[in-house]
Protein chains: 2
Amino acid sequence: MTRRLPQSRDRGIPEATVARLPLYLRALTGMAERGVATVSSEDLALAAGVNSAKLRKDLSHLGSYGTRGVGYDVEYLIYQISRELGLTQDWAVAIVGIGNLGRALANYGGFVSRGFRVAALFDANPEVVGDHIAGLNVEHIDELEAVIERRGVSIVVIATPAAAAQQICDRVIAVGVTSILNFAPTVLSVPEGVDVRKVDLSIELQILAFHEQRKGDRESGGPVMAEELQQGASA
Amino acid sequence: MTRRLPQSRDRGIPEATVARLPLYLRALTGMAERGVATVSSEDLALAAGVNSAKLRKDLSHLGSYGTRGVGYDVEYLIYQISRELGLTQDWAVAIVGIGNLGRALANYGGFVSRGFRVAALFDANPEVVGDHIAGLNVEHIDELEAVIERRGVSIVVIATPAAAAQQICDRVIAVGVTSILNFAPTVLSVPEGVDVRKVDLSIELQILAFHEQRKGDRESGGPVMAEELQQGASA
DNA sequence: TGCTGTGAAAGAGTTCACAGCG
DNA sequence: CGCTGTGAACTCTTTCACAGCA
């Protein structure tokens with residue numbers, strides 16, 4: 001399984017950079033809507049909540065799309081980042097598990113906005129099957145494989161209870177899905193070549209609790225640390 | 001610059017480790033429920049989805065809680081990790097924005113389970129105010145400051161539309177909240193000392209799309225691409 | 001013997017600081 | 001002159017490999 005084909009250009013964009021491109025894209029979209037035509041690394045970085053050196057380094061992995069002495073053309077950069085992220089094509093997404101979370105996801109504007117289209121909703125509960133949500137019919141989980149193949153779904157969002165997640169995961173992988181976004185609080189095991197991203201609400205809270213606890217500790221002459229963790233934006 | 005005060009113990013746990021402790025905790029909890037008394041780094045790592053070297057290194061930052069030749073005592077390790085994460089105390093959490101997502105969060109079992117207690121729900125919509133969700137009354141956003149102080153809320157979850165997020169953020173910080181979990185798709189700017197963690201659904205999808213696109217580049221017979229609906233969005 | 005705990009090496013990501021282009 | 005693009009230094013994280021204890 002070799003996967004380092006030396007293609008035309010070094011397309012090896014660092015993972016950390018990939019994770020920030022959507023942030024830049026969002027900031028740029030906002031600017032475009034406000035009619036901003038050009039932006040400096042300093043200003044874009046501020047809007048995205050990172051520092052300018054990092055932003056420039058990130059963008060440099062895509063190519064030289066800026067103009068020295070001037071900055072970046074907003075529309076052009078939007079296009080380049082979109083293309084890099086694969087958002088110039090249309091991705092069909094299925095959501096499995098239509099509880100409150102699944103509903104929230106189905107209705108979430110950000111999904112549809114850019115390159116993504118919710119193409120199918122599934123649930124195991126007969127009372128939910130048949131509901132109309134965000135213009136879609138909720139289908140029975142028995143239809144999972146057939147519908148995924150018929151509609152060309154390539155990304156599956158799992159919003160089921162933890163106990164059901166692995167089974168759903170196995171089933172969608174069996175019909176060729178290789179990108180999964182997992183909201184169930186469980187570790188999914190998948191074969192090589194399948195990407196799983198996890199969003200875990202309680203883990204985020206626990207990380208906050210850790211830092212919150214420390215703040216309390218630091219009364220009177222404690223460790224100096226105050227540091228920031230991720231997005232420490234201050235003027 | 002150097003802050004390596006030789007306090008009682010080196011409490012400087014790497015951020016990457018902190019982010020994984022909740023994972024270990026969850027795996028351990030599952031084992032405890034199944035009656036497992038002792039676990040090796042190999043087995044625990046497998047259950048948590050990491051490799052054993054990383055797990056041992058992570059745990060070594062907490063102290064020497066394992067037994068060579070044997071492994072870790074499950075209950076004892078649960079206690080130590082919980083304590084380190086600050087989960088042996090009770091954290092009052094408020095959720096602002098009771099749409100589908102806010103509802104999902106309010107009902108999410110994982111919140112309550114361990115150290116966290118949803119203590120207040122807020123919304124600006126008069127039709128939602130007064131609703132009973134997960135045993136709580138939804139209160140009007142005007143009550144935000146008063147209720148936070150009265151109930152000792154220390155962590156605030158923002159699940160409002162993006163446009164409202166910064167304002168809510170400023171308001172809760174003004175009454176002393178320093179830990180925020182933000183689901184709104186916007187960058188919050190906060191003063192130093194305030195921790196913001198961000199969960200962004202569309203960013204996760206975009207990262208998946210990036211990798212999915214690459215898979216397609218590689219081989220030509222892979223994913224089924226939906227050719228229809230070629231309507232390119234911007235530019 | 002079997003497993004943890006950990007130095008040391010390797011790798012990834014970030015920041016610095018400035019060359020060089022518009 | 002202003003701002004991008006980038007080598008170089010630095011810091012953080014992961015992995016290796018094995019010493020050392022139960």
Side-chain angles (χ1 to χ4, degrees), chain A residues 4 9-21 23-24 28 31 36-74 76-77 80-81 84 207 211 225 227-234, chain B residues 1-4 9-21 23-24 28 31 36-74 76-77 80-81 84 207 211:
Chain A
R4 186 123 317 205
R9 169 190 307 208
D10 183 9
R11 310 296 270 158
I13 300 181
E15 197 54 37
T17 295
V18 172
R20 282 187 296 264
L21 290 179
L23 228 52
Y24 305 152
L28 286 163
M31 289 175 177
V36 178
T38 302
V39 67
S40 68
S41 64
E42 198 68 51
D43 290 351
L44 180 52
L46 188 69
V50 302
N51 70 52
S52 63
K54 193 187 283 181
L55 179 124
R56 288 199 303 279
K57 180 75 93 183
D58 282 344
L59 295 185
S60 77
H61 288 113
L62 311 189
S64 285
Y65 297 142
T67 307
R68 288 163 201 246
V70 178
Y72 302 89
D73 180 274
V74 172
Y76 185 56
L77 197 49
Q80 290 298 344
I81 295 178
E84 197 64 56
I207 296 170
H211 293 290
M225 62 87 199
E227 308 309 284
E228 291 303 302
L229 56 164
Q230 50 165 33
Q231 50 175 52
S234 47
Chain B
M1 282 284 270
T2 329
R3 52 184 182 85
R4 188 107 313 192
R9 172 190 307 200
D10 186 4
R11 310 294 271 158
I13 300 182
E15 198 52 39
T17 295
V18 173
R20 283 187 296 265
L21 291 179
L23 228 53
Y24 305 152
L28 285 164
M31 288 174 176
V36 178
T38 301
V39 66
S40 68
S41 65
E42 198 68 51
D43 289 351
L44 180 52
L46 188 69
V50 302
N51 70 53
S52 63
K54 192 186 284 183
L55 180 127
R56 287 199 303 279
K57 181 72 94 180
D58 282 343
L59 294 186
S60 76
H61 292 295
L62 310 189
S64 285
Y65 298 141
T67 307
R68 287 161 202 249
V70 177
Y72 303 88
D73 181 275
V74 172
Y76 185 56
L77 198 49
Q80 290 299 344
I81 294 177
E84 197 63 56
I207 296 170
H211 292 291

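Computed over heavy atoms, backbone and side chain alike; hydrogens, waters and symmetry mates excluded. Residue numbers start from 1 in every chain, and the chains themselves are labelled A, B, ... in the order their sequence lines are given, proteins ahead of strands.
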Heavy-atom nearest nucleotide on DNA chain C taken for B:Ser40 and for A:Arg20; more 5' hit belongs to B:Ser40
DNA chain C nearest-nucleotide lookup for B:Gly69 and A:Arg56: closer to the 5′ end is B:Gly69
Does [N] have its OP1 or OP2 closer than 4.0 Å to a side-chain nitrogen or oxygen of [X]?
X       : N      : result
B:Ser41 : C:dT4  : yes
A:Lys54 : C:dT15 : yes
B:Tyr72 : C:dG5  : yes

A:Leu59 CG to D:dC3 P, in whole Å, measures 16 Å
Q.
Any donor-acceptor pair, under 3.5 Å, between the side chain of A:Arg68 and the base of D:dG2, if you only look at N and O atoms?
A. no
Rounded to the nearest 0.5 Å, the CG atom of B:Asp58 sits from the OH atom of B:Tyr24 at a distance of 3.5 Å
In this structure, CD of A:Glu84 is separated from OH of A:Tyr65 (nearest 0.5 Å) by 7.0 Å
So which nucleotide from [options] ends up closest to the side chain of [X]?
X       : options               : result
A:Asn51 : C:dG22, D:dG5, C:dT15 : C:dT15
A:Ala16 : C:dT14, C:dC16, C:dG5 : C:dT14
A:Lys57 : D:dA22, D:dA8, C:dG5  : D:dA8

Open item on the list: Before you tell me yes or no, could you show the steps for B:Thr67 and B:Asp73 under side-chain contact (heavy atoms from CB on, under 4.5 Å), namely the whole-Å CA-CA distance, both residues' side-chain angles and the distance that decides it to 0.1 Å?
Closed with: CA-CA 8 Å; B:Thr67 307; B:Asp73 181 275; over 6 Å; no
